[in-house]
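This report refers to the structure that appears directly beneath it.
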Amino acid sequence: MDFDLSEDQRLLQDSLAKLLKDKYAFEQRKGYMASETGWSRDVWAAYADLGLLAMPFAEDDGGLGYGAVETMIVAEQFGRALALEPFIPTVVIGGAFLRHGATAEQRAALVPQIAEGKLLLAFAHTETQSRFDLNDVATTAKKDGAGWVIEGRKGVVVHGDTADQIIVTARVSGGRRDRDGIEVFLIPADTQGVTRRGFKTSDGQRAADITFDNVKVSADAKLNGGLALAERVVDEAIAALGAEAIGCMEASKDLTIEYLKTRKQFGRPIGSFQSLQHRAAEMMVCLEQARSMAMLAAMMASEEDPAERRRQMRAVKIEIGRNARFVGQQTVQMHGGIAMTMEYVGGHYLKRLTVIENMFGDVDHHLAALSEEGGVFVAA
Amino acid sequence: MDFDLSEDQRLLQDSLAKLLKDKYAFEQRKGYMASETGWSRDVWAAYADLGLLAMPFAEDDGGLGYGAVETMIVAEQFGRALALEPFIPTVVIGGAFLRHGATAEQRAALVPQIAEGKLLLAFAHTETQSRFDLNDVATTAKKDGAGWVIEGRKGVVVHGDTADQIIVTARVSGGRRDRDGIEVFLIPADTQGVTRRGFKTSDGQRAADITFDNVKVSADAKLNGGLALAERVVDEAIAALGAEAIGCMEASKDLTIEYLKTRKQFGRPIGSFQSLQHRAAEMMVCLEQARSMAMLAAMMASEEDPAERRRQMRAVKIEIGRNARFVGQQTVQMHGGIAMTMEYVGGHYLKRLTVIENMFGDVDHHLAALSEEGGVFVAA
Amino acid sequence: MELRFTDEERAFRQEVRAWIDENLPAETRERMASGRTPTKAMQIDWQKRLYAKGWAVPHWPVEWGGQKWSAIQRFILSEEMQSTPAPSPLGFNANMLGPVMIAFGTEEQKKHFLPKIASLDLWFCQGFSEPGAGSDLASLKTRAVREGDHYIVNGQKTWTTLAQHADWIFLLVRTDPGAAKQQEGISFLIADMKTPGITVRPIITIDGAHEVNEVFLDDVKVPVENLIGTENRGWDCAKFLLSNERTGQARVGASKERIRRLKLIAKEAPGGARPVMEDPRFRSRLTEVEVQLKALEMTTLRVLADENRQLSQRKPNPASSVLKIRGTELQQAISELYVMAAGPYGLVASDPEADRWNEPEVAQDWQTLAQATYFNWRKQSIYGGSTEIQKNIMAKAFLGL
Amino acid sequence: MELRFTDEERAFRQEVRAWIDENLPAETRERMASGRTPTKAMQIDWQKRLYAKGWAVPHWPVEWGGQKWSAIQRFILSEEMQSTPAPSPLGFNANMLGPVMIAFGTEEQKKHFLPKIASLDLWFCQGFSEPGAGSDLASLKTRAVREGDHYIVNGQKTWTTLAQHADWIFLLVRTDPGAAKQQEGISFLIADMKTPGITVRPIITIDGAHEVNEVFLDDVKVPVENLIGTENRGWDCAKFLLSNERTGQARVGASKERIRRLKLIAKEAPGGARPVMEDPRFRSRLTEVEVQLKALEMTTLRVLADENRQLSQRKPNPASSVLKIRGTELQQAISELYVMAAGPYGLVASDPEADRWNEPEVAQDWQTLAQATYFNWRKQSIYGGSTEIQKNIMAKAFLGL
């Protein structure tokens, strides 16, 4: 067991940190956010130059063959910077679907495009009735000759408005909540019958509501793996989102401590008040506990036993979610009014952390599921 | 609406406070606790002299005709003093059974004895399998000529070891958890077949495990009202226990604040440390919120609609339980080691509050039930 | 001790409820039920109706438009408005400036201003906070220099709620910078927002709302007759104002309304296999909040019933800090329950221009408001005396430190 | 970064587990599984077996009976003992006095004492706390005056854990009352408990247990060769001792064992309609604790893996405060879960003389222990550096205040 970064990993971390320092000052970020895409194509190109978009793919497919630890390192930096680009939808989630569910031909065709920053992906799984249940799928896929016809509607597709291809869960058989009968399709966004309506999410990022109206796709649009594939990919996404949350919490904590040191009230730095000191200490405890879980997630992302992986990822989601909420709220509370404003970065951490908590299941969702699955220490 | 005590009520409060000041110094209490009964017959006689034991009974029955507010006042004082006598089992619970479930003849025979301090009662409802459910009754009562035969075992009968008569729930028909088919019996403790095994409870008070082995009682041993009667009585007991908890919390808070003011560490009173100040403020908030609920309980104790009464009493149990736990724990934490010892009163408040929380249903028990009954504000 | 509402109080509640039902415009009620604040026009319209009925400022003396009501009656009116929900009379006018002027103002000031304050003919905003001051209000730097029969005011105020709607502002200024203590040498002024030199700049909060503003004061000429109370003794007015009407901060009626609405919503809110309301964990969390709210309602009544004694002693009841601390926590907790209920569709940002769209919504209205409200309500534990300040006050009051 | 145990580490765990299974007496395991502390005889017996195997003090240098193990290996041994459960080597000997003597003791002291400390031939207790000192350890008043080749010690120690079993005591005494700072002028001594003038008086804690004691020192003659380190520099030893082995304070292995046992118990524990474990709320609370415990396990491993770096820098890792704070909270939370599971039968007090009874029990053993353990474990956030002190340390470490 070894928690130190390798030389290469440290290099990756440093070079990305440098890039973000240059490109992601708060004012720059505001500009990206106000743009039509809601993020920066230039910065995306810079990520491509750094190799970030090729990271998780096998070298044979044109990637770098990096693993979950590297994803963690990168996502953490994105969290610190509150980066807006669709790294997780395209590279982490889209990448995992391609790695685990696509044919060699598909990978050969798509991976280089992703690596070069030319192909964006998004994952459409939420439906109005589904809440957080991946198996709750009313969207249908019906055989149509050699191909398929997709019908249905997906909501809150993160970065779905700018994606070139949409990865969609659809039901080929069974009842709405059956675990069997779900397949995953890769559908070009410009296919006839696909209608997208983009909107801002509560953290200022972008998502889309997408309807599929008699959408005809070819046979090879169906990836291999069905629901099990989607669950595996989501577990990898949870690991990456967890790492992003750590970066966000750490920046939030650093900002708060800096503020406590410099801001004066009643003639002294507010950080000299013991009640705030203890709260800051508690933030630190929360951050370290959450960081441990992000590491656990990186470790479990490649776990082959799906039940064990799922259980540990639920624990990750719960612990990071709880602690992120505390850190986000206390960042605002200890700053006071200033962090309630759009013009100050503090409140944006709270917003991003709230969104992360609510992606792929909130704390209570996983708490309920995990406690029904017997808890964390079942076999230990 | 008026939250002030009447002149008579203030007099009652003052005279009891004075009595307890004389009789319930911590060292005296230790003596009572170490005695065979675990409480003081002398002090019990003093309560009788003060009229406390006649309080809730109708004047026609030889009582004072006082209501739930007076019970609250008295129980709060007992809480402050950590009094050990069986006031709640005999006067509050036993009294309520007699008032609501006994015949005029029974009341005429028993109330004067209680008022004079000559008759002690205890309520036997818990069974090994029942947890907190009053309707979970395996003890049976079978018709036997004009009378009944009782068979079964009851656990944790508070002050059951010294009681002269035991009030017992028993099943005359139906399945173990049916709400129908439960009756309440008043059984002299010296009836053949009644075996008692007394023991200390975790707060140093006394209880008994009681077995009923072919216990034959006469027809008039059965009170009128069955489970509904028992539930009504328990709701009155919850109100009294809540008031006792308030007294206990208040004394606990006062002790802690006094300690914070006088105890010095690092060259200054520990009460000058802001983290402890804020914790003390939170104790105060908890106490005031709990006190409000004790008043609500006094108000609802006479509510005739059992569903509404039950719902509000659950809220009382939950809020007082939660806040009592905080106050009890913080009393020990803010004192440090000293309150971990038997020789100091601080820890005894925590112990008594813990026991109160676990009588007639703990916080989670009532939280589950109340949330299934639709919550607090159903009709508002 | 009588712990139930009397028959008269119950009858009064019915009267209030019936009158509100009859007089509150449907659009106002709907907008508020959705969880939004009323528009300026709605606020003015409603307060004028209340004023005409004599209910805008019942806690004021009768001669200035008040009612000889008990504290309980005032509570009932306030709670009924919150539960409907209807707008409450503007706090800056009814609860802050009005009582200060009644206590400290001249007869001329009272005659001229109080009716306009009560009826909302003049909308007042509060110029207390300054950049860099935060909870340390008395460290304010805005200067007012007497020149003839005017004060020349220079400085900056911030967190000025609804300054964009205001006709007038009441503000604390430093008139004697040489005073020994920072609480001394402060004066309490009122000024017309149209006075040259006053500039309002919006502050957008993290939920995207425009509620608060910066107010810049640049050589603003304020006539000396706009001084309230004694020059350099403005801190007395400020303290009086801050200790006034803390009971309102619990906002129990509003929280009860939000809970009731949440229960209806959660019964329909998709929760995968079953509606959110059928999840035992969600229900437990909701019930935990309800129970605390019930206790807070009782605590509010206790503080109210004690109000006369408190007023005669002119010192705040420490239990009033309980109301602010727990009231805030519960409002925040309720906002978190809405976020939970909204689930993934809570990610959809509320769009202030949503009314203009003809397309189908991408999420239900309440879902899009859930996170915005959660973010916005973080302010509750910061403003009006932060939770930390409330605990300092309590510690002082009963630790004597 | 390699976040999994290596094959070697896994094999080592198997070896440790097998050896413990084979060597731990059944009565010891049973007593500990019931949630009780081991008897004196059990503690000594087990530590002697560990010593014989070379596992009593693996973190010590090899020459004094240690092993060349990685921090992870030491963690594995410790966790396996906690999970079995088996007694851990006595902390006062293995983790406190031993390392201090290795760092500060003379060759003679080491040769004479270290083997006895490791094997528990001599049971040591810790004489640090004094009445009135609490968390302010350095304010200690016990005096030692040098007279010839002895120190004459007078004073009182308190909270002395298991002094009733101890053969020897290590203690802090004030040798120079005139020193400028209160941390100066303190010395670190060891003394035979049989020395005339040492009296032990039990302190009974609120759960009824006799774990701690007062130790009175009345003209106690301690030979000067029993001084550890330099006279008047005893605070260095104390600081070294206190910063040492914080990772052990998380007690993750023990908490995991308690959780596992609770799950078995709760499956049978009567909950009215169904066993306690089938109540979704109870399960959620249990799972919340488990999740935090999992995180703490990872945090412990991180701190351990970082230990060598920390040791070389001779300053404590601030994350070690995380371990104490959360470790304590979780142990206390678990004790509350046992109370919940026990329900009404949790009111039955544990009877220390229960063994003597032949009658049927009035409650199950674990039920009678639930509240006692809950009461007893309130100490966890008080001793060994209270939670408040831990947070002060953290604030200092990263706020620099």
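Only a predicted model underlies this, so the values are computations on that prediction, with no experimental measurement involved. Just so it is clear: chains get the letters A, B, ... in the order the sequence lines come, proteins before strands, and each one is counted from 1. The figures here come from the full heavy-atom set of this structure, side chains too, leaving out hydrogens, waters and symmetry mates.
At a 4.5 Å heavy-atom cutoff, B:Met283 makes no contact with chain C through either its backbone or its side chain. For chain B, the nearby part of C:Ile72 is the side chain; its heavy atoms alone come within less than 4.5 Å. Only the side chain of B:Met293 has a heavy atom closer than 4.5 Å to any heavy atom of chain C. Of the atoms belonging to C:Glu388, heavy atoms from both backbone and side chain fall under 4.5 Å from chain B. Interface remark: B:Gln9 contributes side-chain atoms only to the contact with chain C (heavy atom separation under 4.5 Å). For chain C, no part of B:Glu70 is nearby; none of its heavy atoms comes within less than 4.5 Å. In this structure, chain C has heavy atoms under 4.5 Å from both the backbone and the side chain of B:Glu372. For a residue to count as touching a neighbouring chain, one of its non-hydrogen atoms must lie under 4.5 Å from one of that chain's; by this rule B:Asn323 touches chain C with the side chain only. The parts of B:Val285 that come within reach of chain C are both its backbone and its side chain, each placing non-hydrogen atoms under 4.5 angstrom from that chain.
Contact record, B:Ser292 with C:Met298: CB-CB, 3.5 Å, taken as the closest heavy-atom pair. Listed here is the closest heavy atom pair of C:Leu3 and B:Ala298: CD1-CB, 4.2 Å. Of all non-hydrogen atoms in C:Arg4 and B:Ser302, the two that sit nearest each other are NH2-OG, 4.1 Å. Nearest heavy-atom pair across B:Glu288 and C:Thr299 is O-OG1, 3.9 Å. Contact between C:Asn392 and B:His278 at its shortest, heavy atoms only, is OD1-NE2, 2.7 Å.
Between B:Arg291 and C:Arg302 the shortest side-chain heavy-atom distance falls below 4.5 Å. In this structure the side chain of C:Glu2 never reaches within 4.5 angstrom of the side chain of B:Phe3, judged on heavy atoms. Residues C:Arg326 and B:Cys286 meet the side-chain proximity criterion, which asks for heavy atoms closer than 4.5 Å. No side-chain heavy atom of C:Met394 sits under 4.5 Å from any side-chain heavy atom of B:Gln277.
Put simply, the side chain of C:Lys263 gets close to the backbone of B:Gly374: a donor and an acceptor are under 3.5 Å apart.
If you tally non-hydrogen atom pairs under 4.5 Å between each of B:Leu276, B:Leu5, B:Leu296 and chain C, the highest count goes to B:Leu296. In terms of non-hydrogen atom pairs under 4.5 Å with chain B, the most contact-rich of C:Ile325, C:Leu301, C:Thr387 is C:Leu301. Here B:Glu303 is the residue among B:Arg314, B:Glu303, B:Glu258, B:Arg279 with the most heavy-atom pairs under 4.5 Å with chain C. The candidate with the highest count of non-hydrogen atom pairs below 4.5 Å against chain C, out of B:Gln274, B:Gln289, B:Met299, is B:Gln289. Put simply, of C:Pro280, C:Ser284, C:Ser83, the one with the most heavy-atom pairs under 4.5 Å next to chain B is C:Ser284.
Within the structure, the ring pair (Phe, Tyr, Trp, His ring centres under 6.0 Å) test picks out the following pairs touching residues 247-268 of chain B (sequence neighbours left out): B:Tyr259-B:His335.
The existence of a salt bridge linking C:Lys391 and B:Glu282 is confirmed by a sub-4.0 Å separation between a basic side-chain nitrogen and an acidic carboxylate oxygen.
Contacts from residues 285-293 of chain C to chain B, taken as heavy-atom pairs separated by less than 4.5 Å, involve C:Thr287, C:Glu288, C:Glu290, C:Val291, C:Gln292, C:Leu293 in sequence order.
Note that CD1 of B:Ile318 is 13.0 Å distant from NZ of C:Lys294, once rounded to the nearest 0.5 Å.
C:Glu257 meets the side-chain contact (heavy atoms from CB on, under 4.5 Å) test with C:Pro85, C:Arg260, C:Arg261; sequence neighbours excluded. Taking C:Arg13 as the reference, C:Glu79, C:Glu80 meet the side-chain hydrogen bond (donor to acceptor under 3.5 Å, both in side chains) condition, with sequence neighbours excluded.
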